[in-house]
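These notes are about the structure you will find just below.
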Amino acid sequence: MRVLVVGGGGREHALVHSFVESGLGPQVFCAPGNAGIAAEADCVPIGADDVAALLDFAAKERPDLTVVGPEAPLVAGLADLFRERGLRVFGPDADAARIEGSKLFAKEVMGEAGAPTGGYSRHTTLESALAALARHERYPVVIKADGLAAGKGVIIAQDEAEARAAVEDMLVRKTFGEAGNVVLIEEYLTGSEVSLLVLCDGEVAVPLAPAQDYKRIFAGDQGPNTGGMGSYCPVPGFEQKAIDGAMDRVVEPVLAVLRRRGIAYRGVLYAGLIVSADGARVLEFNCRFGDPETQAVLPRLRSDLLELCDAAARGELAGATPAWTPQACVTVVLASAGYPASSHKGDVIEGLDEAAAMDGVTVYHAGTAFAGHVADGGATAGGAAAGSGDRAAGPGGAAAGPGAAGRDIVTAGGRVLAVSALGDGFARARERAYEAVARIRFDGMQYRPDIAARAVRAEAGEISLFPAS
Ligand code: GLY
């Protein structure tokens, strides 16, 4: 079987790593991949957003399955074009990907589905947005650009002045371009967040184990938002009953509304939930696997991920019941100097092999490249590997160390690595993850020291992550 994975981050490395372990014995291509992915797959120097070049590649190579990591190519219609050419894809068509590509569309679908979410108003003019803010009584308030804004289009405004500045930025200064043509002013929801990734085949929806991520850069949830600085799986206190509740009240009704609108959702639906004493409400939907949630979820999966994704793409998920190790998984993201405001490229990474050699540890690469291949102004675009077939024959599987291909591996983006560790319980998984992190070094390396600390305390019964319902 031939599989094409689109993307080049930690999430895609986790997908590739699971796919190469599949009993289906696949040949895996990844576009563009990164220095770690190059140890496991044939990296193809095509950017994840270059839909035309990806289509050309797929038309020539005829992969049996294409799995799309990031949202942008899905929103741009990659899956539609592939399906029109008779290529099997795991990933929603553009009309289904609007669940992430348009925050307003997501709210309208949730409204029709009766899925609980925060209240909101929509605005296309500054006058209307400022009038709504003048009436608004409770702060903070969330200001969202309707469209995709590279993960940056959500502002949590602490007071009216901040909120006014945010809507002016979006509607007048066009900070997020067309993505900010429509602005949502949303209720700020508080509670404990859960990421539920759900495999969907157009009819059947199968949830994976829940995870939690850490969005802020600094310990104690301080500092600016990032793409995600760590995660863990499962989530103590969010057990089968809670998963079933989220499926019944959120995921199934939303998929039913989409079907009524003639939209078959095939791929992964990421439900970002926030759980408070009032129950679970939807914070956001994404049309793709979470990053870094995927890096904490997949190490626990005992079923064949490739078989599951292929079944979803074929519309044959009925009866699938993913099996899980009872072990916990903790994922710590290592970021480069300056992240999230900027990133630092070209810093040599040491200790990858030592970390990856640890029992139960997997080192997923995100913004990495081989020395001398760091793209100017881009994280990994095309720089990870010289081309199709450029597979570094590295020991240790997940992490190709400097000695593996005789080339140094260097930083090439903001989030550089995701270090995942399994353990019997969160305390052991966390200990292992940080032991592995301690073996890795690069200039300016930053990471949060408190990933999964709350899960350890919750598991020990010292705290509860969720209010009693
Ligand atoms: N970890 C958040 C996301 O994938 O959007």
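Worth knowing before you read on, the calculation uses all heavy atoms, side chains too, and leaves out hydrogens, waters and symmetry mates. Order of appearance sets the numbers: ligands from 1, and atoms from 1 within every ligand.
In this structure the side chain of D201 never reaches within 4.5 angstrom of the side chain of R314, judged on heavy atoms.
Looking at residues two or more places apart in sequence or on another chain, you find no side-chain hydrogen bond (donor to acceptor under 3.5 Å, both in side chains) involving Q222.
Stacking of R454 on the aromatic ring of Y232 is not recorded, the 6.0 Å distance cut-off and the 45° axial limit not both being met.
Using bins of under 30°, 30° to 60° and over 60° for the plane-to-plane angle, the ring pair Y447/Y434 lands in the tilted bin.
Taking the six-membered ring for Trp and the full ring otherwise, F29 and F57 have centroids separated by under 6.0 Å. Between F289 and Y270, a ring centre-to-centre spacing not shorter than 6.0 Å is recorded.
The residues lining ligand 1, counting any heavy atom closer than 4.0 Å, are D213, G227, Y270, N286, R288, G290, D291, P292, E293.
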